[in-house]
2 protein chains.
Amino acid sequence: MGLTKSEIFTSKQNRLALLFKALAHPARMAIIQQLLKMDTCFCGDLVSELGLAQSTISQHLLELKKAGLIKGTVEGVSVCYCIDEKTWNNVKSEVESLFISCSVKNKCC
Amino acid sequence: MGLTKSEIFTSKQNRLALLFKALAHPARMAIIQQLLKMDTCFCGDLVSELGLAQSTISQHLLELKKAGLIKGTVEGVSVCYCIDEKTWNNVKSEVESLFISCSVKNKCC
DNA sequence: CATATTAATCGCAATATTACGATTTATTTT
DNA sequence: AAAATAAATCGTAATATTGCGATTAATATG
């Protein structure tokens, strides 16, 4: 069939999977890293920084926006993007609880 | 075209993207959570735990194995899976450095 | 108001993912 | 050696993703 059976999983599993999916592309990782690093974050800057077409970058920005990781505001002709602090911090604590609190202890193999 | 241009990104960006891709499915999140929680971790247990076909689970296990997140050892007729502690800890610190050390400070929007 | 600039959206082609049933492989038990 | 059990692999269909050029939409400038 080829479509994910979201209904059989917990909402946490689905939420985390969607979050990781948003980060599961090197271009989107590059955008996130750039936004974490830079003060200015115009869409055009990202287009010239990464070696992808403008329409492609725009699509990746949409993916990140749908996941709530970034937000953009119109500034004249340009659009300024940045990390959505609120969602980012939620994500941070969810990922932390997955990776940090659960230490691998039981080895069966 | 439809294929990711890995060559234009840094190895860290590609590495993290591949890691997140492995986690970007609720079934694989469920498997990981189960392996973190349980002592026993036979493939068959996962099949009956999640509501997916055996061949589907097997494919998801392969994805996680390719990403280095889990490993499996044959025990008689069954295969016992568990988190690959070594890779898991590497992943943990990479994800930590992405999320924890980089706090969002500059707001341009 | 016409033109330039920036970014979103559309349409398309290539490729990847997801899921399942059927089959195969490997091991254990009879 | 034959039968049973568990898991990997194969083949296939449905759907999703990636990327780009072309177009559209919105704002700014001459």
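Residue numbering restarts at 1 for every chain, and letters A, B, ... go by the order of the sequence lines.
Heavy-atom minimum distance, A/Leu50 versus A/Ala30: CD2-CB, 3.5 Å. Of all the heavy atoms in B/Pro26 and A/Thr4, the pair that sits closest is CG-CG2, 3.7 Å.
For the helix from C/dC1-D/dG30 to C/dT30-D/dA1, the angle separating the two terminal helix axes comes to 10°, with each axis derived from five pairs and the value rounded to 10°.
Between atom CG of residue A/Leu64 and atom CD1 of residue A/Ile83 there is a gap of 8.0 Å, rounded to the nearest 0.5 Å. Here the CZ atom belonging to B/Arg28 is positioned 14.0 Å from the CD atom belonging to B/Gln33, to the nearest 0.5 angstrom.
Nucleotide C/dA8 holds its C1' atom 17 Å from the CD atom of A/Glu75, rounded to whole Å. B/Leu62 places its CG atom 13 Å from the C1' atom of C/dT17, with the value rounded to the nearest Å. Between the P atom of D/dA7 and the CG atom of B/Asp45 lies a distance of 8 Å, rounded to the nearest Å. Rounded to an integer number of Å, the gap from A/Leu50 CG to D/dC20 C1' is 15 Å. The separation between B/Lys5 atom NZ and C/dA16 atom P is 15 Å, rounded to whole Å. Between the NE2 atom of B/His60 and the P atom of C/dT18 there is a distance of 6 Å, given to the nearest Å. If you measure from atom CG of A/Leu3 to atom P of C/dT17, you get 16 Å, rounded to the nearest angstrom. Residue A/Leu61 contributes atom CG, which lies 16 Å from atom C1' of D/dT17 at whole-angstrom precision.
Side chain of A/Ser48 to backbone of A/Gly44: a donor-acceptor contact under 3.5 angstrom is found. Using a distance-only test at 3.5 Å, with no hydrogens or angles considered, a donor-acceptor pair links the side chain of A/Asn14 to the main chain of A/Ser6. Here the side chain of A/Thr87 pairs no donor or acceptor atom with the backbone of A/Leu69 at under 3.5 angstrom.
Listed in residue order, the members of residues 21-33 of chain B having a heavy atom less than 4.0 Å from DNA chain C are B/Lys21, B/His25, B/Arg28.
Nearest to the side-chain atoms of B/Thr56 among the listed nucleotides C/dT9, C/dT27, C/dA19 stands C/dA19. The side chain of A/Thr4 lies closest to C/dT18, out of C/dT18, D/dT18, C/dA8. Listed nucleotides C/dA8, C/dC20, D/dA8 differ in distance to A/Ser58; the shortest reach to its side chain belongs to C/dA8. Out of D/dA7, D/dA6, C/dT9, the shortest distance to the side chain of B/Val77 is found at D/dA6.
For B/Gln59 and D/dA8, a side-chain-to-base donor-acceptor distance below 3.5 Å is absent, hydrogens and geometry of angles not being considered. At a cut-off of 3.5 angstrom, counting only N and O atoms as typed in the model, there is no donor on one side facing an acceptor on the other between the side-chain of B/Gln54 and the base of D/dA6.
Here A/Ile57 lies out of heavy-atom contact (under 4.0 Å) with every strand. Using a 4.0 Å heavy-atom distance criterion, A/Ser78 is classed as a sugar-phosphate-only contact.
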Exercise for review: For the pair A/Glu94 and A/Arg15, evaluate salt bridge (Lys or Arg N to Asp or Glu O under 4.0 Å) and give the outcome as yes or no after the intermediate values.
Suggested key: CA-CA 10 Å; A/Glu94 278 217 272; A/Arg15 206 168 52 247; 2.8 Å; yes
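Of the two residues contacting DNA chain C, namely A/Ser55 and A/Ser6, the nearest-nucleotide position lying further toward the 5' end is that of A/Ser55. In terms of position along DNA chain D, the nucleotide closest to B/Phe42 lies nearer the 5' end than the nucleotide closest to the other residue of the pair B/Phe42 and A/Gly76.
Pairs engaging residues 42-78 of chain B under the ring-ring contact (aromatic ring centres under 6.0 Å, His included) rule: B/His25-B/His60 [sequence neighbours left out].
A donor-acceptor pair shorter than 3.5 Å can be found between the side chains of A/Thr10 and A/Gln13.
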